[in-house]
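These notes are about the structure you will find just below.
A, B, ... follow the sequence lines: proteins, then strands. Residue 1 opens every chain.
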There are 2 protein chains.
Amino acid sequence: MAAKANPVPSVWARQQSAPDQPALSRTAIVREAIVMLDADGIEALSMRKLGARLNAGATSLYRHVATKDELMELAVDEVAAEITVPPAEAARGGAGWRAAATEAAESFRATALRHPWLSAVLGQAGLAYLGPNLMAYSERLAALFTAAGFPEPSRAIDTLLSYAIGMSTTEAAWLTTVARSGETEADFIASLMPAAQQAAAGHDHLTDAYADAAVHAVLDPVAIRDAKFTYGLDVVLDGLAMRLPD
Amino acid sequence: MAAKANPVPSVWARQQSAPDQPALSRTAIVREAIVMLDADGIEALSMRKLGARLNAGATSLYRHVATKDELMELAVDEVAAEITVPPAEAARGGAGWRAAATEAAESFRATALRHPWLSAVLGQAGLAYLGPNLMAYSERLAALFTAAGFPEPSRAIDTLLSYAIGMSTTEAAWLTTVARSGETEADFIASLMPAAQQAAAGHDHLTDAYADAAVHAVLDPVAIRDAKFTYGLDVVLDGLAMRLPD
DNA sequence: TTGCGATGCGAACACTGTACGCAGCTGCGT
DNA sequence: ACGCAGCTGCGTACAGTGTTCGCATCGCAA
């Protein structure tokens with residue numbers, strides 16, 4: 001071989017080629033899948049495209065991942081690691097639990113909006129996943145709410161999470177629709193208004209609500225969504241506070 | 001033709017053939033699609049199978065429905081008609097609004113569980129649909145909550161609906177998973193417990209919670225789910241009650 | 001009777017997830 | 001040093017998907 005005739009330079013050149021292509025591991029596959037999902041949405045992810053992105057054939061992925069569903073499950077668990085929950089100590093003081101719960105819920109929402117495909121997957125598969133990050137997440141929530149003194153912490157958690165999931169799902173789906181339109185959120189609302197108002201014709205409360213909402217939403221849709229989430233979150237936390245002993 | 005030689009019997013025979021095959025209309029397509037979705041889940045619905053069910057070729061459907069997404073949108077709106085909302089008058093009295101809101105939320109949940117695919121579709125498309133039944137549904141909710149005296153009825157509605165959506169989505173996805181397993185819900189829980197407990201190993205609160213839940217859930221999972229929904233619903237309604245003037 | 005618009009459909013296209021069997025590399029036991 | 005075993009990547013192939021297009025057919029209007 002030529003390598004034997006002039007070993008030194010060729011060796012260095014060869015060595016380099018492997019490390020910068022990390023060799024198609026399970027974690028590399030999941031990481032790249034998340035990148036694609038974030039960028040182009042859930043229906044843009046195919047095994048062939050993912051393989052191409054990793055300089056690999058489509059079917060090579062199946063050496064590291066049993067099926068596409070399993071890949072999605074891994075992606076969900078990977079992303080679950082981004083959701084933060086304050087440590088249980090934060091809830092020991094009287095009103096500390098409330099700030100902590102708020103922080104947890106807002107972190108959930110932020111993650112769901114950062115990865116809008118998450119809601120779609122949860123809608124199909126639910127929370128039956130048992131990945132390590134999801135388990136750790138549940139554990140931290142349980143610790144927080146027991147420390148807060150809730151007699152039935154899992155009930156309280158389910159309530160709060162249901163609200164967070166419902167609101168975030170709706171919001172993520174909306175943002176996905178907006179993104180697909182190519183317009184800004186405000187422009188999209190504006191161009192949707194005629195159809196919406198026509199559909200609301202004959203429904204008095206709806207036309208009123210749309211007229212109100214349209215004005216504000218076009219100005220600052222992001223602030224409106226934030227306020228909406230905070231309002232409902234406070235409602236839920238008020239209701240939960242009534243379940244606390246003392 | 002032979003028909004002319006003996007017109008009467010042949011006419012009657014021919015007339016019958018059309019009416020009992022309602023000729024592939026848009027409403028017939030949507031109706032049959034819902035039947036298939038209810039029976040076999042969202043991924044079992046393909047245009048070819050749906051066409052076959054209607055004694056029609058796959059591509060014939062496209063004369064009445066622009067695309068599969070549009071078909072799903074029509075199916076969602078059709079199913080939305082099943083969700084009941086008490087009339088606004090029910091909320092005029094002091095505590096009447098609470099019973100009415102409870103009824104509305106429970107009807108939502110019941111519909112979502114009767115058509116488990118609904119959650120999956122909402123997770124992908126959100127509530128941006130403008131179908132007549134969905135509009136009527138929103139209108140009735142708005143009427144109810146304004147009659148109840150809420151200063152910001154749409155905020156209250158969004159909160160309640162978010163909770164209902166989140167809880168029902170999780171529940172529907174769970175029931176879908178159970179159904180796919182072929183076991184009863186109690187059996188499925190039992191056969192899932194080993195894996196769950198192993199995954200919870202090292203997480204103290206989780207193992208406790210699982211141990212508790214397992215015993216009760218195996219006995220009567222349906223009652224547990226009902227109670228869970230009711231608990232969270234009461235939490236939300238308590239929080240909303242605090243926003244009512246007086 | 002002659003059209004004509006609406007309706008159904010077979011074939012085809014570009015794509016999907018995945019099973020299978022073959023090639024090559026790597027590292028181990030001898 | 002050698003050979004072999006197993007792991008990894010991949011080309012091919014299959015069954016199935018949503019959707020387009022052009023052709024046939026049918027009922028009704030003129």
Side-chain angles (χ1 to χ4, degrees), chain A residues 1 3-4 10-11 13-30 32-33 36-37 40-75 117 120-121 124-125 180, chain B residues 1-4 7 10-11 13-30 32-33 36-37 40-75 117 120-121 124-125 180:
Chain A
M1 291 287 197
K4 205 152 198 172
S10 107
V11 160
R14 292 281 168 86
Q15 294 277 34
Q16 289 300 70
S17 75
D20 70 344
Q21 227 79 317
L24 202 57
S25 70
R26 164 180 285 204
T27 60
I29 292 175
V30 173
E32 193 66 24
M36 289 186 66
L37 286 168
D40 301 318
I42 200 171
E43 76 248 355
L45 178 71
S46 81
M47 297 303 268
R48 280 177 242 264
K49 287 182 200 154
L50 178 56
R53 199 71 97 85
L54 292 159
N55 291 48
T59 63
S60 310
L61 308 176
Y62 285 89
R63 293 285 173 194
H64 305 89
V65 155
T67 181
K68 193 190 182 186
D69 286 349
E70 182 185 297
L71 171 60
M72 297 304 291
E73 194 171 330
L74 291 169
W117 47 272
V121 178
Q124 285 194 322
R180 254 197 292 265
Chain B
M1 290 293 203
K4 206 153 199 173
S10 107
V11 159
R14 291 281 168 85
Q15 294 277 37
Q16 289 301 69
S17 75
D20 71 345
Q21 226 79 316
L24 203 57
S25 69
R26 163 179 286 204
T27 60
I29 292 175
V30 173
E32 193 65 24
M36 291 187 64
L37 286 167
D40 301 318
I42 201 172
E43 76 248 359
L45 179 70
S46 81
M47 299 302 268
R48 280 178 243 265
K49 287 181 201 157
L50 178 55
R53 199 74 96 85
L54 291 159
N55 291 49
T59 63
S60 309
L61 308 176
Y62 284 88
R63 293 284 173 195
H64 304 90
V65 154
T67 181
K68 194 190 181 184
D69 286 348
E70 183 186 298
L71 171 61
M72 297 304 292
E73 194 171 331
L74 291 170
W117 47 273
V121 178
Q124 286 193 323
R180 254 196 292 265

Item checked: For Ser46(B), all residues meeting side-chain contact (heavy atoms from CB on, under 4.5 Å), sequence neighbours excluded -> Arg48(B), Lys49(B)

Item checked: Contact list for residues 64-75 of chain B, test side chain to side chain donor-acceptor pair (under 3.5 Å), sequence neighbours left out -> Arg26(B)-Glu70(B)

Can you check whether [X] reaches [Y] side chain to side chain, under 4.5 Å on heavy atoms?
X	Y	result
Leu61(B)	Leu54(B)	yes
Ile42(A)	Leu37(A)	yes
Leu74(B)	Ile29(B)	no

Margin query: Applying a 4.0 Å non-hydrogen cut-off, can you work out what Leu45(A) is touching in the nucleic acid: base, sugar-phosphate, or nothing?
Written below: sugar-phosphate

To the nearest Å, how far apart are [X] [atom1] and [N] [atom2]?
X	N	atom1	atom2	result
Lys68(B)	dC15(C)	NZ	C1'	14 Å
Ile29(A)	dG17(C)	CD1	P	14 Å
Leu50(A)	dC15(C)	CG	C1'	16 Å
Tyr62(B)	dA11(C)	OH	C1'	15 Å
Glu43(A)	dA14(C)	CD	C1'	16 Å

Checklist line | Within residues 51-63 of chain B or reaching into it, pairs that qualify as salt bridge (charged side-chain N to carboxylate O under 4.0 Å, His left out) - sequence neighbours excluded | finding: Glu32(B)-Arg53(B)

Item checked: Approximate separation, where rounding is to 0.5 Å, of Gln124(B) CD and Glu43(A) CD -> 7.0 Å

Check: What heavy-atom pair brings Ala56(B) and Leu24(B) nearest, and what distance separates the two atoms?
Finding: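 For Ala56(B) and Leu24(B), the tightest heavy-atom pair comes out as CB-CD2, 3.8 Å.
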
Between N or O atoms, less than 3.5 Å apart, protein on one side and nucleotides 8-10 of chain C on the other: list the pairs.
unit_1  : atom_1 : unit_2   : atom_2 : d
dG8(C)  : OP1    : Ala23(B) : O      : 3.0
dG8(C)  : OP2    : His64(B) : NE2    : 3.3
dG8(C)  : N7     : Arg63(B) : NE     : 3.1
dG8(C)  : O6     : Arg63(B) : NH2    : 2.6
dC9(C)  : OP2    : Gly57(B) : N      : 2.8
dC9(C)  : OP2    : Ser60(B) : OG     : 2.9
dG10(C) : O6     : Thr59(B) : OG1    : 2.8

Checklist line | DNA chain D: 5'-most and 3'-most nucleotides touching chain B, 4.0 angstrom heavy-atom criterion | finding: dT17(D) to dG22(D)

